[in-house]
Every structure is written in C-alpha cells, then in structure tokens.
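These notes concern the structure reproduced below.
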Amino acid sequence: MKKITEFEKLVYAATKKIPRGRVSTYQEIARAIGKPKSARAVGNALGKNPFAPKVPCHRVVKSTGEVGGFLNGTFEKMKLLKKEGVLNLGGRVVSLDHKLYVFR
DNA sequence: AGACTGACATACC
DNA sequence: CGGTATGCCAGTC
C-alpha cells in the first residue's frame with residue numbers, strides 16, 4: 001500500500017542508514033532531510049512506520065537523549081537496543097554524544 | 001475539490 | 001517548567 005509521501009520516504013531512508021549499535025535523533029533526521037524544524041514531522045512519519053522492522057524507529061531517540069515514544073508498547077525493542085549497548089537501564093541512551101549517528 | 005482542525009515521538013523563548 | 005512556534009499528515013466538513 002505504500003501510502004507514503006516523499007517526505008516520509010526521506011525519513012525512512014535516513015533512518016535505515018543508522019548503523020547497528022548507533023542511534024539518531026529526530027532532530028538529526030529532520031536536519032538530514034533538509035528540514036531541521038520538522039523533527040515532529042519526522043516523528044509523525046516514524047509513528048506510522050509502514051516499514052516496521054525495516055525502519056528501526058526504536059533506534060531513533062529524542063533529542064534530549066531519552067528513548068522516545070516507541071516505548072508506548074514497543075518497549076520490547078528496547079531490549080535489543082540494550083543488547084547493542086545503545087541503551088542504558090531506565091530507557092536512557094548511553095552517552096548520546098558517543099552513540100549518536102550523524103547523517104552526512 | 002478545497003479548507004480547517006487535531007494530533008505528534010521537538011524546539012525555542 | 002510552561003507556553004508558543006513550527007512542519008507534516010490524516011480525518012472531517
């Protein structure tokens with residue numbers, strides 16, 4: 001069904017680029033697609049997440065270093081993140097500046 | 001078909 | 001810490 005827009009395509013493409021063991025923020029993704037003010041729109045697109053496991057929205061965190069809204073029922077994925085050493089107990093990112101993946 | 005409102009996982013003041 | 005500003009989407013009228 002691919003009912004996605006060009007904007008979402010960019011968001012998913014950027015999110016998919018996140019390597020394992022790394023995380024990114026909505027702000028970074030928004031900036032990566034050329035709309036640094038669209039962090040919310042990024043979240044909106046990821047929230048739909050038609051590419052569920054393809055687009056690791058669980059690997060995208062808030063700009064504050066918190067894990068983000070995927071905790072809302074998807075917290076099982078958080079375990080995987082912890083396994084990758086990205087998250088810390090309590091749903092916090094381990095040194096965001098150290099794990100943050102920046103699009104270039 | 002066109003316009004408005006609500007919702008969303010942020011950012012800024 | 002709280003309210004306002006911003007961007008995109010979806011549903012509704």
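Reminder, nothing fancy here: chain letters follow the sequence lines and each chain counts from 1.
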Hey, does [Y] have a side-chain heavy atom less than 4.5 Å from the side chain of [X]?
X        : Y       : result
A/Arg59  : A/Thr15 : no
A/Phe103 : A/Lys17 : yes
A/Leu46  : A/Tyr12 : yes
A/Ile4   : A/Phe51 : yes

Q | Exercise: identify the closest heavy-atom pair between A/Lys99 and A/Arg22 | A |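 Scanning both residues completely, I find the closest heavy atoms to be O-CD, 2.8 Å.
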
Write down the distance between [atom1] ([X]) and [atom2] ([N]), rounded to a whole number of angstrom.
X       : N      : atom1 : atom2 : answer
A/Glu6  : C/dC9  : CD    : C1'   : 14 Å
A/Arg31 : B/dA11 : CZ    : P     : 10 Å
A/Ile33 : C/dC8  : CD1   : P     : 8 Å
A/Lys9  : C/dC9  : NZ    : C1'   : 16 Å
A/Gln27 : B/dT10 : CD    : P     : 11 Å
A/Ile4  : C/dC9  : CD1   : P     : 10 Å
A/Leu46 : C/dG7  : CG    : C1'   : 14 Å
A/Tyr26 : B/dA11 : OH    : C1'   : 15 Å

Polar pairs (N or O, both sides) under 3.5 Å between protein and nucleotides 3-6 of chain C?
unit_1: C/dA5; atom_1: N6; unit_2: A/Arg40; atom_2: NH1; d: 3.3
unit_1: C/dA5; atom_1: N1; unit_2: A/Arg40; atom_2: NH1; d: 3.3
unit_1: C/dT6; atom_1: N3; unit_2: A/Arg40; atom_2: NH1; d: 2.5
unit_1: C/dT6; atom_1: O4; unit_2: A/Arg40; atom_2: NH1; d: 2.7

Q: Side chain of A/Ala41 only, please: which of B/dT10, C/dC8, C/dA10 is the nearest?
A: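 Selected nucleotide (nearest to the side chain): C/dC8.
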
Q) If you check the A/Ala39 side chain, which of B/dT10, B/dA7, C/dA10 turns out closest? A)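 Ranking B/dT10, B/dA7, C/dA10 by closest atom to the A/Ala39 side chain puts B/dT10 first.
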
Q. What distance separates A/Glu8 CD from A/Glu6 CD, expressed to the nearest 0.5 Å?
A.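 It comes to 10.0 Å.
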
Q | Strand partner of C/dT4, provided both Watson-Crick or wobble distances fall under 3.5 Å | A |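 Paired with B/dA11.
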
**Q.** Test side-chain contact (heavy atoms from CB on, under 4.5 Å) applied to A/Val11 and A/Asn44, A/Asn49, A/Val55, A/Ile33, the passing residue
**A.**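 Result for side-chain contact (heavy atoms from CB on, under 4.5 Å) with A/Val11: A/Ile33.
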
Q: Return no unless some side-chain N or O of A/Lys62 is found under 4.0 Å from OP1 or OP2 of B/dT10.
A: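 Looking at the OP1 and OP2 atoms of B/dT10, one of them is under 4.0 Å from a side-chain N or O of A/Lys62.
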
Q: Considering just the side-chain nitrogens and oxygens of A/Ser63, establish if one lies under 4.0 Å of OP1 or OP2 belonging to B/dT10.
A: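 Indeed not, no polar side-chain atom of A/Ser63 lies that close.
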
